[in-house]
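I have placed the structure first, in the form of C-alpha cells, so that the comments after it can refer back to it.
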Amino acid sequence: MYFLQRIIINALVFLATAGFFPQYFHVSSVWVSLIAAIVLGVLNMVVKPILIILSLPITIMSLGIFYFVINGLMLELTSKLIGANFQFSNFGAAILVALILSGVNLVITNHYKFK
C-alpha cells in the first residue's frame with residue numbers, strides 16, 4: 001500500500017510541477033505521469049542503490065548535495081524510458097523537479113507517517 005501511495009503522490013507532484021514550470025518540464029497527461037511515477041519507483045528500488053554506493057565518496061565530500069544529482073539522474077533516466085510525453089528541457093530542470101519531489105515527499109511522509 002505504501003508503494004501505491006508514493007506513486008500517486010509522485011504523479012501529482014509531476015503534474016503540479018509541469019503546470020508551474022511548463023518551459024522546463026512537460027507531462028502530456030495524467031496517465032503518463034502515473035506511468036512515469038511507476039517507472040521512477042522501480043528505478044529507485046533497482047538502480048538508485050547501486051548509484052548511491054558507487055558515488056558514496058563524492059556524496060560524502062559534498063556533504064550530501066550530490067544526492068540531488070543522483071535524484072536528477074533518476075528523473076532523466078525515467079524521461080528517457082518514457083519518451084516524448086515526459087521531458088525535461090535540461091538537466092538543471094531535472095534537478096529542480098528532484099528537489100521539489102524530495103521536499104514534498106519529506107513533508108507528506110513526516111505529516112502522515114506512512115508505514
Side-chain angles (χ1 to χ4, degrees):
M1 191 66 175
Y2 176 72
F3 183 73
L4 182 62
Q5 292 169 340
R6 185 70 73 149
I7 294 298
I8 292 170
I9 290 168
N10 286 347
L12 290 174
V13 170
F14 288 154
L15 289 172
T17 307
F20 283 123
F21 303 109
Q23 66 274 18
Y24 298 123
F25 181 44
H26 169 72
V27 178
S28 64
S29 70
V30 174
W31 300 110
V32 171
S33 70
L34 279 171
I35 292 169
I38 291 169
V39 169
L40 181 64
V42 171
L43 287 174
N44 281 342
M45 286 189 300
V46 177
V47 177
K48 192 173 182 180
I50 297 167
L51 285 178
I52 290 173
I53 290 171
L54 291 176
S55 66
L56 192 59
I58 193 167
T59 304
I60 290 171
M61 287 173 38
S62 68
L63 301 175
I65 301 295
F66 193 73
Y67 190 72
F68 292 113
V69 174
I70 294 172
N71 287 340
L73 286 171
M74 290 292 98
L75 285 172
E76 278 287 334
L77 185 57
T78 302
S79 172
K80 298 299 181 206
L81 292 173
I82 298 297
N85 295 323
F86 186 83
Q87 288 184 341
F88 297 98
S89 63
N90 54 30
F91 186 65
I95 292 179
L96 174 68
V97 173
L99 285 167
I100 294 169
L101 193 64
S102 297
V104 169
N105 282 326
L106 177 72
V107 168
I108 289 176
T109 302
N110 283 341
H111 187 268
Y112 290 107
K113 299 288 183 192
F114 291 133
K115 295 184 183 205

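For clarity, every value in this text was computed on a predicted model and none was experimentally measured.
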Inset, instruction - Please report the C-alpha distance between Gln87 and Phe25 in whole Å, then the side-chain angles of each, then the deciding distance to 0.1 Å, and finally whether the side-chain contact (heavy atoms from CB on, under 4.5 Å) criterion is met. - result: CA-CA 6 Å; Gln87 288 184 341; Phe25 181 44; over 6 Å; no
Under a 4.5 Å side-chain heavy-atom rule over Ile, Leu, Val, Met, Phe, Trp and Tyr, are [X] and [Y] clustered together?
| X | Y | result |
| --- | --- | --- |
| Ile50 | Leu77 | no |
| Leu56 | Val47 | no |
| Leu63 | Leu106 | no |
| Phe20 | Val30 | yes |
| Ile70 | Leu54 | no |

For the [atom1] atom of [X] and the [atom2] atom of [Y], what is their distance to the nearest 0.5 Å?
| X | Y | atom1 | atom2 | answer |
| --- | --- | --- | --- | --- |
| Asn85 | Ile35 | CG | CD1 | 8.5 Å |
| Ser33 | Ile8 | OG | CD1 | 10.5 Å |
| Met74 | Asn44 | CE | CG | 7.0 Å |
| Phe68 | Ser62 | CZ | OG | 10.0 Å |

Can you check whether [X] reaches [Y] side chain to side chain, under 4.5 Å on heavy atoms?
| X | Y | value |
| --- | --- | --- |
| Gln5 | Ile108 | no |
| Asn10 | Asn105 | yes |
| Ile52 | Thr59 | no |
| Phe21 | Val97 | no |
| Leu96 | Phe88 | no |
| Lys48 | Leu43 | no |
| Thr17 | Val27 | no |

Quick check on [X]: does its [atom1] atom have over 12 non-hydrogen neighbours (other residues, nucleotides or ligands) under 6.0 Å away?
| X | atom1 | value |
| --- | --- | --- |
| Tyr24 | OH | no |
| Ile58 | CD1 | no |
| Met45 | CE | yes |

Which atoms form the tightest heavy-atom contact between [X] and [Y], and what is the distance?
| X | Y | answer |
| --- | --- | --- |
| Ala94 | Glu76 | CB-OE2, 3.6 Å |
| Leu15 | Ser29 | CD2-O, 3.9 Å |
| Leu75 | Phe86 | O-CE2, 4.4 Å |
| Ala37 | Ala11 | CB-N, 3.8 Å |

Inset, instruction - Decide side-chain contact (heavy atoms from CB on, under 4.5 Å) for Leu101 and Phe14; before the verdict, give the C-alpha distance in whole Å, the side-chain angles of both, and the deciding distance to 0.1 Å. - result: CA-CA 8 Å; Leu101 193 64; Phe14 288 154; 4.1 Å; yes
